[in-house]
Amino acid sequence: MIPSRIFEKWWLRAFIALVVFFVWQICYAINRVQGLEEEKAVLQATIEVLKRKSDVLRTEIHEKERTLTRLDGRIEEIDTQIRDHISLLPRVNRSTPFIYFITPTHFRAAQKADLTRLSYTLSHVPNLHWIVVEDSDELTPSVAEILKRSRLPYTHLNARTPSDQKMKYTDPNWTLPRGVEQRNSALLWIQNQLSAVRSGVVYFGDDDNTYDLRIFEEMRKVQKAGVWPVGIVGGMFVETPILAGNGSIIDFNSIWKRERPFPIDMAAFAVNVTLILSNPNALFSFDVPRGYQESTFLEKVGIHRYNMEPLAEKCSKVYVWHTRTEKSKLSKEMVQKLTKKTGFNPLEAHALGV
Ligand code: UGA
Ligand code: MN
């Protein structure tokens, strides 16, 4: 029994009230902690569930991505099959020599247009490996896209023309040789990557010329070095070797710099890949007189002008034209944008491939 007088002392009453209050507070705090711990456990469980869900979703995404890649591959296969079915050229078999088609290319207003057109021509040609060498510091996505869409086997390289050899926008086109660094880079690639190859033919196909598909069938016949007429070049409607009755070359009809060892255009000939492999020094150079690129190269691979193999029905047909895309009329401001490769709106950028 608690003596009743204890409650008479006010401070004792206050003390007991305080103790009761503190005990109540402690009980409340314990309760609260328990509640929080339960909440924590629930949240942890939810996190676990979400983690498992995210793992499942991640696996699903991964699988879907794999399916997408597989389907992309399948689309490419079907595209290639369709292309082969509608091929405008005879079918090829495994022994058909490959054509290594070397294209130097540089940025300008019409580059994307020219390359697009060329890609659709080449996409009809079976057993053709397109080696595209950009005159740039790095590979450009727009050119990469054109190559990818062509469905051709290809190699995409870049080699910048040294600035002292690079023409200005306003320079006439003949001021300096073009494609030197780029063709060399492709030749070195061939020497390094195709050293074991025993057959095939190498052709320098500029990005603005026009190619009849029959030129590719002619190229495949090349034993050492083949030659054929080229339309609209050298100030003539056609530049061509002149043949004797027995079919051998006796002269060339060229009028510009007739004295050149080979008075022909780059588009007029193709050589067997073995000549490239056995003559690693056969490279182009800035250090040759204007118009002598072709001659210097052909001399370096050990060919004589009269020993070339005349093709295209004894040089009676024109299957390639040295067409040139007209330099578009551009304002000063537009030329500046082109030079700096900036300042285009999105549609212009898409048109130009930047
Ligand atoms: C003529 C010949 O047909 C070319 O094969 C030869 O390279 C050129 O002359 C020359 O003398 O150097 P042309 O139509 O005057 O050709 O030259 P372009 O078509 O302007 O250039 C030839 C190739 O080099 C093109 O594929 C072009 O895109 C590329 N190129 C041109 C570059 O890679 N960088 C340049 O700065 C300019
Ligand atoms: Mn050209």
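Just so you know, these numbers use all the heavy atoms, side chains as well, and skip hydrogens, waters and symmetry mates. Counting convention: from 1, in listed order, for ligands and their atoms alike.
- Under 4.0 Å is where a charged nitrogen must lie from a carboxylate oxygen, and between Lys317 and Asp212 no such pair does.
- In summary, Asp208 places an N/O/S atom under 2.8 Å from the Mn ion (ligand 2), meeting the contact criterion.
- Between Leu176 and ligand 1, not a single N/O pair is under 3.5 Å apart.
- In terms of protein heavy-atom proximity, atom 34 (N) of ligand 1 is closest to Asp135 OD2, 2.8 Å.
- Those atoms of ligand 1 that come under 4.0 Å of a heavy atom in Asp208, given as number and element, are 14 (O), 19 (O).
- Here the closest non-hydrogen pair linking Ala159 and Ser185 is CB-CB, 3.9 Å.
- Proximity of Glu134 to ligand 1, defined as any heavy-atom pair under 4.0 Å, is not found for any part of the residue.
- Interface atoms of ligand 1 facing Met266, defined by a heavy-atom separation under 4.0 Å, are 5 (O).
- Using cut-offs of 30° and 60° on the angle between ring planes, the pair Tyr203 and Tyr211 is perpendicular.
- The distance from ligand 1 to the heavy atoms of Arg108 drops below 4.0 Å at these ligand atoms: 28 (O).
- Checked against a 3.5 angstrom limit, the closest N/O atoms of Thr161 and ligand 1 fall outside it.
- The ligand atoms of ligand 1 that sit less than 4.0 angstrom from a heavy atom of Arg324 are 13 (P), 14 (O), 15 (O), 20 (O).
- Using a 4.0 angstrom heavy-atom cutoff, Lys166 counts as in contact with ligand 1.
- Ligand 1 lies out of reach of Glu181, whose nearest heavy atom is not under 4.0 Å from it.
- By the criterion of a heavy-atom distance under 4.0 Å, the side chain of Asp265, and not its backbone, is placed next to ligand 1.
- Numbered from 1 in the order shown, with element, the atoms of ligand 1 that lie under 4.0 Å from a heavy atom of Asp207 read 25 (C), 26 (O), 27 (C), 28 (O).
- For the pair His106 and ligand 1, the shortest N or O to N or O distance falls below 3.5 Å.
- Heavy atoms from other residues, nucleotides or ligands lying under 6.0 Å from NZ of Lys300 number more than 12.
- The environment of CG in Leu71 is crowded: more than 12 heavy-atom neighbours from other residues, nucleotides or ligands sit within 6.0 Å.
- Of the listed residues (Phe297, Phe101, Tyr100), just one forms a ring-ring contact (aromatic ring centres under 6.0 Å, His included) with Phe204, and that residue is Phe297.
- Hydrophobic clustering of Ile, Leu, Val, Met, Phe, Trp and Tyr side chains at less than 4.5 Å, counting indirect connections, unites Val301 with Leu194.
- Residue-ligand proximity: Thr103 is placed with every non-hydrogen atom at 4.0 Å or more from ligand 1.
- There is no path of hydrophobic side-chain contacts, each under 4.5 Å, that joins Val273 to Leu152.
- For the pair Arg305 and Phe262, the cation does not sit on the ring face, since its NZ or CZ is not both under 6.0 Å from the ring centre and inside 45° of the axis.
- Near Pro177, meaning under 4.0 Å from any of its heavy atoms, are these atoms of ligand 1: 12 (O).
- The atoms of ligand 1 that sit less than 4.0 Å from any heavy atom of Arg183 are 4 (C), 5 (O), 6 (C), 7 (O).
- Aromatic ring pairs are classed by plane angle as parallel below 30°, tilted from 30° to 60° and perpendicular above 60°; the pair Tyr28 and Trp24 is parallel.
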